[in-house]
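Quick notes on the structure that follows.
Here is the naming used below: chain letters follow the sequence lines, and residue numbers restart at 1 for every chain. Everything quoted here is computed from the prediction, not taken from an experiment.
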2 protein chains.
Amino acid sequence: MASGDRRRTRHEETVGLILRAAWRLAERDGLAGLSLGELARAMEMRPQSLYTYFPSKQAIYDAMYKQGFEELLACHEALPAQRDPELFLAAAAEAFVDFAAERPSRYQLLFQRTVPGFAPSEESYAVARRALEGMRGWLAGAGLTCERDLDLWRVLLLGLAGEQLANDPGGRRWRQLAAPAARYFVTFARTENGDQK
Amino acid sequence: MASGDRRRTRHEETVGLILRAAWRLAERDGLAGLSLGELARAMEMRPQSLYTYFPSKQAIYDAMYKQGFEELLACHEALPAQRDPELFLAAAAEAFVDFAAERPSRYQLLFQRTVPGFAPSEESYAVARRALEGMRGWLAGAGLTCERDLDLWRVLLLGLAGEQLANDPGGRRWRQLAAPAARYFVTFARTENGDQK
DNA sequence: GTCTATATCCAGATAGAC
DNA sequence: GTCTATCTGGATATAGAC
């Protein structure tokens, strides 16, 4: 029915607006400092009305987590194709630091475990796994297929973004290290794998 | 005066016990979830009595921050001497991951910026700088003196510890990557520096 | 879907008696 | 130094009228 559809659409629009506002407040007050009162005020609602859209505060964090990984997947798909896998990985590493720098609280929710009591639902975590599988595919494209390679790649991404956010927010000090670090990683992984074979 | 000395000693002892309890609670409830009520209960005090020892909750976080870096410095000094700087850096990287794994909330307070509103005092930050200067010295011992080398070294430490805590707490998955990553870091940095000269 | 009203609980912090 | 008492303001969440 048309009226049912319209109502559902309106509901989902509001859910989207609430998440937008939640990200904005998380940037301003800290992710763990997000409060339903402030969030409601930003939406020009009473705090209780938020429960029409989310059953709990945890559910809001969970929706943010899922949305964050969906955005990361979109960011991955937007990466330009590259013949050279090394150049592709360098661009991917830069894009990851940019992704984190653009919204620090998103990096914090997705990759650090700092919100007391929060754990993603199975459904949301599935999106996170898809992002990781995408990375596994890139490495395979560069001839790197063992689990250790993926683990070290993750170290570089996490470390680059973490240092950039914590010690040079708004700058480029670690961002500019992303490409050489990615090259380092590929050389290292190939050498190590060669040693073992 | 003897009685004055004894009182001061008792006071400082209590401060130490409060910090111990604060770390324990931070591990249990999350660093940002630390509450003065819980902390007082652990000390068998009323919450108000804590103000005899610390003027605010922020001051407690600040003392924890300073203590954490003092512990890191002690950990650095405990590293066995090594003729080979590469072996020394490998051991240092492993020790750093162990340091983080042993008390995740300490890693979180010292190296992530996730407690809403917390910023270290100048005095406490000075201790953090000493720890960083120590690392600079190690790299210099391996012939690595440019700022970029130190930045990439920090990426490795932060990334290794962060992944270990977030995705394999209690395990050794990233810890065992520390030594090979450090060894290759040295090789890579020397090669890069050679290219530039 | 949004509201008023309320429940329940907790936070960090201060004043002043003992 | 520790306590009782209190302030002030928040939090998340639920019930039920409109």
N/O donor-acceptor pairs under 3.5 Å from side chains in residues 24-45 of chain B, not counting sequence neighbours:
unit_1 : atom_1 : unit_2 : atom_2 : d
B:E27  : OE2    : B:S105 : N      : 3.0
B:E27  : OE2    : B:S105 : OG     : 2.5
B:R28  : NH2    : B:E38  : OE1    : 3.0
B:S35  : OG     : B:G37  : N      : 3.4
B:S35  : OG     : B:E38  : N      : 3.1
B:E38  : OE2    : B:R41  : NH1    : 3.0

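In this structure a side-chain-to-backbone donor-acceptor pair under 3.5 Å is missing from A:S124 to A:S121.
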For nucleotides 2-7 of chain C, read 5' to 3', which letter fits each nucleotide if B means a protein heavy atom sits under 4.0 Å from the base, S means only the sugar-phosphate is that close, and - means neither?
BBBB--
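Counting heavy atoms from C-beta on, the side chains of A:L132 and A:L150 come closer than 4.5 Å. Counting heavy atoms from C-beta on, the side chains of B:M64 and B:R106 never come closer than 4.5 Å.
With rounding to whole Å, B:L36 atom CG is found 12 Å from C:dT14 atom P. Counting to the nearest Å, the P atom of D:dT6 and the OH atom of B:Y51 are 19 Å from each other. Across the protein-nucleic acid pair, A:I18 atom CD1 and C:dG1 atom C1' stand 11 Å apart, rounded to whole Å. Distance CZ (B:R41) to C1' (C:dA11): 13 Å, rounded to an integer number of Å. In this structure, B:D29 places its CG atom 10 Å from P of C:dA11, rounding to the nearest Å. For the pair A:F54 CZ and D:dA13 P, the computed distance is 13 Å after rounding to whole Å. As a whole-Å value, the separation of A:L39 CG from D:dA11 P is 11 Å. Rounded to whole Å, the distance from CD on A:E38 to P on D:dA11 is 7 Å.
For B:F54 and B:Y61, the distance between ring centers is not under 6.0 angstrom.
Residue B:I60 is out of contact with every strand shown, counting any heavy-atom pair closer than 4.0 Å.
For B:D98, the salt bridge (Lys or Arg N to Asp or Glu O under 4.0 Å) criterion is met by B:R175, not counting sequence neighbours.
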